[in-house]
Amino acid sequence: MGVTVALIERFRDRLPVSDATPVVSLGEGSTPLLRAPRLSERLGVDLWLKWEASNPTGSYKDRGMTVAVSKALEEGARAVICASTGNTSASAAAYAARAGLPAVVLVAEGAARGKLIQARALGARVLAVRGSFDQALETARRLSDRGDHVLVNSLNPNRVEGQKTAVFEIVEELGGEPDAFVLPYGGGGNTTAYVKALSELGSGAAVHSVEAADRPRTLASAIRIEQPAHGRSVEASGAHVHAVSDEDIVAAWLELARLEGLFCEPSSAAGLAFLRGTDELRGTRVVVTITGHGLKDPGAADFHAPPPLVVDPDPDAIARAAERDLSE
Ligand SMILES: *Cc1c(COP(=O)(O)O)cnc(C)c1O
């Protein structure tokens, strides 16, 4: 057992940091890469899952945030600001607290409850903007242009740099590149980061980026973004973009939980929803990134997972109820 290694230390040579950069870390990255035997069999692919929910605030956003906040501190920032569907705000709040900087978080209406609670508990100034995510982001940009607040959305290039490291870890752990990477597509920052990492590695692996068919209204709040900020770069990147319905996202989400024991938030299942509906990747080695934890969005789980059955404290009644459940 060693001391936890900060992501910036592990990948120092491939990140925009120097000895002068104060490393703000919560022990992010180095997340599990899990084989998925049951889903592999069902989907006809050699499936691996990159479990990004085990990052410090429960989503992959921490990979970019450690770099963005470290650089902000190095450059003398007085505060950080972001607009967020939720996970960026939780991550910004945590890393800003760790750095001793104030964080301002603009959230869109309808952000998932678990994420907002995180940002509030971590001491961020949380402001609920009357409007969509896109409007909140535009406002955060305008405020950061005035100079006092460093924008830590994925438009901040340091975020994208940090997020590349998921690909480096995967390739290191597999001992080579998979045939394809599959991940959800909201604003497209993570897709941009994956494509950049692969190009730095000289890899020709495919990237499949999966968006919600109904972007403005999907239940998957982390990808409920009408105008992806990185849309142009995703288009130019050579990544394959696919759209999935909410119904398919929910089915994939429940299947992942029940077959492999991983409880993620709905957006994280978008990649699996795509895989379930295609033969394109049959027989190949595929890594699907599971971007965020299920506890982030208790409302979605509450709605889609069966409620507990109420029973008497009696062994016979419990055995009967459990049996009925097993045969369902
Ligand atoms: C941010 C986020 C996404 C979307 O990633 P983009 O970089 O915006 O495309 C997907 N899932 C989760 C859990 C997220 O936090």
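Whatever order the structure lists them in is the order used to number ligands and atoms, beginning at 1.
- A distance of 4.5 Å separates CZ of Arg78 from CG of Asp148, quoted to the nearest 0.5 Å.
- No donor-acceptor contact under 3.5 angstrom links the side chains of His293 and Ser59, judged on distance only.
- With ring centers used as reference points, His208 lies under 6.0 Å from Phe274.
- Enumerated by chain and number, the residues approaching ligand 1 to less than 4.0 Å through a heavy atom are Tyr60, Lys61, Asn87, Pro184, Tyr185, Gly186, Gly187, Gly188, Gly189, Asn190, Ala222, Ile223, Glu265, Ser267, Ser268, Thr291, Gly292.
- Of the N and O atoms on the side chains of Ser40 and Arg35, not one donor lies less than 3.5 Å from an acceptor on the other residue.
- In this structure, Arg215 is positioned above the aromatic face of Tyr185, its NZ or CZ under 6.0 Å from the six-membered ring centre and within 45° of the axis.
- For Ala94, the side-chain contact (heavy atoms from CB on, under 4.5 Å) partners are Leu26, Thr57, Leu122, not counting sequence neighbours.
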